[in-house]
Amino acid sequence: FTMRQWGLKLGLSEEACDISNPVNPGNFQKCKLLPDAMVLFTRAMGMNCIWDELGERSWRYAMVVKDMKIEKMFLEGGEVVQNSEADPFQVSTADHVLQYLTPR
């Protein structure tokens with residue numbers, strides 16, 4: 001839902017729904033908005049952290065990838081923190097990323 005809303009707010013054109021993609025969450029013609037619920041990509045990037053109460057999670061970050069290259073990283077606190085007491089949420093917010101993506 002969130003991924004799709006970001007794309008719609010940016011005015012991206014959605015791909016057509018079909019049998020392989022009936023819900024179409026965040027699939028746009030020129031942009032893919034990708035979640036990482038299993039932490040596989042995040043772990044490979046070294047962005048995972050372990051929290052005593054939550055287990056393995058992604059540290060809060062967002063990134064813009066263009067032509068398979070990281071264009072911009074939005075990493076909370078500037079580093080991954082294991083079992084952090086604080087849960088920072090300033091630079092990886094949807095509004096912050098959208099501000100970066102919106103042409104001026």
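Atom set for the values below is all heavy atoms of this structure, side chains included, hydrogens, waters and symmetry mates excluded.
- Residue I50 shares its hydrophobic cluster (ILVMFWY side chains chained together at separations under 4.5 Å) with no other residue.
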Should E71 and M63 be marked as a side chain to side chain contact (heavy atoms under 4.5 Å, CB included) after you check the CA-CA gap, both sets of side-chain angles, and the distance that decides it? CA-CA 7 Å; E71 177 180 309; M63 74 173 129; over 6 Å; no
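- For the side chain to side chain contact (heavy atoms under 4.5 Å, CB included) test, residues two or more places apart in sequence or in another chain that qualify with T42 are D36, V39, M47, N48, S58, Y61.
- A salt bridge (charged side-chain N to carboxylate O under 4.0 Å, His left out) check over residues 91-102, counting only residues at least two apart or in different chains, returns nothing.
- Counting non-hydrogen atoms of neighbouring residues, nucleotides and ligands closer than 6.0 angstrom, the CD atom of Q90 reaches no more than 12 such neighbours.
- Membership of the apolar cluster around L40 extends to M38, as traced through chained side-chain contacts below 4.5 Å between ILVMFWY residues.
- Listed by chain and residue number, L10, V64, V97 satisfy the side chain to side chain contact (heavy atoms under 4.5 Å, CB included) test with L101 (two or more places apart in sequence, or in another chain).
- The salt bridge (Lys or Arg N to Asp or Glu O under 4.0 Å) test applied to R43 returns E56, not counting sequence neighbours.
- Taking hydrophobic clusters as Ile, Leu, Val, Met, Phe, Trp and Tyr residues chained together by side-chain heavy-atom distances below 4.5 Å, V65 shares a cluster with L75.
- In this view, N83 and W51, D52 satisfy the side chain to side chain contact (heavy atoms under 4.5 Å, CB included) rule, not counting sequence neighbours.
- Not counting sequence neighbours, the partners of D87 by the salt bridge (Lys or Arg N to Asp or Glu O under 4.0 Å) test are R60.
- Between Q82 and V80 the shortest side-chain heavy-atom distance falls below 4.5 Å.
- Linking ILVMFWY side-chain heavy atoms closer than 4.5 Å, directly or via other members, places W59 and F41 in a single hydrophobic cluster.
- Residues meeting the ring pair (Phe, Tyr, Trp, His ring centres under 6.0 Å) test with F74, sequence neighbours left out: H96, Y100.
- Contact annotation: the side chain of Q99 never approaches that of T93 to less than 4.5 Å [non-hydrogen atoms, C-beta and beyond].
- The distance from atom CG of L12 to atom CD of E14, rounded to the nearest 0.5 Å, is 9.0 Å.
- Applying the salt bridge (charged side-chain N to carboxylate O under 4.0 Å, His left out) test to every pair with at least one member in residues 73-85, sequence neighbours left out, gives no pairs at all.
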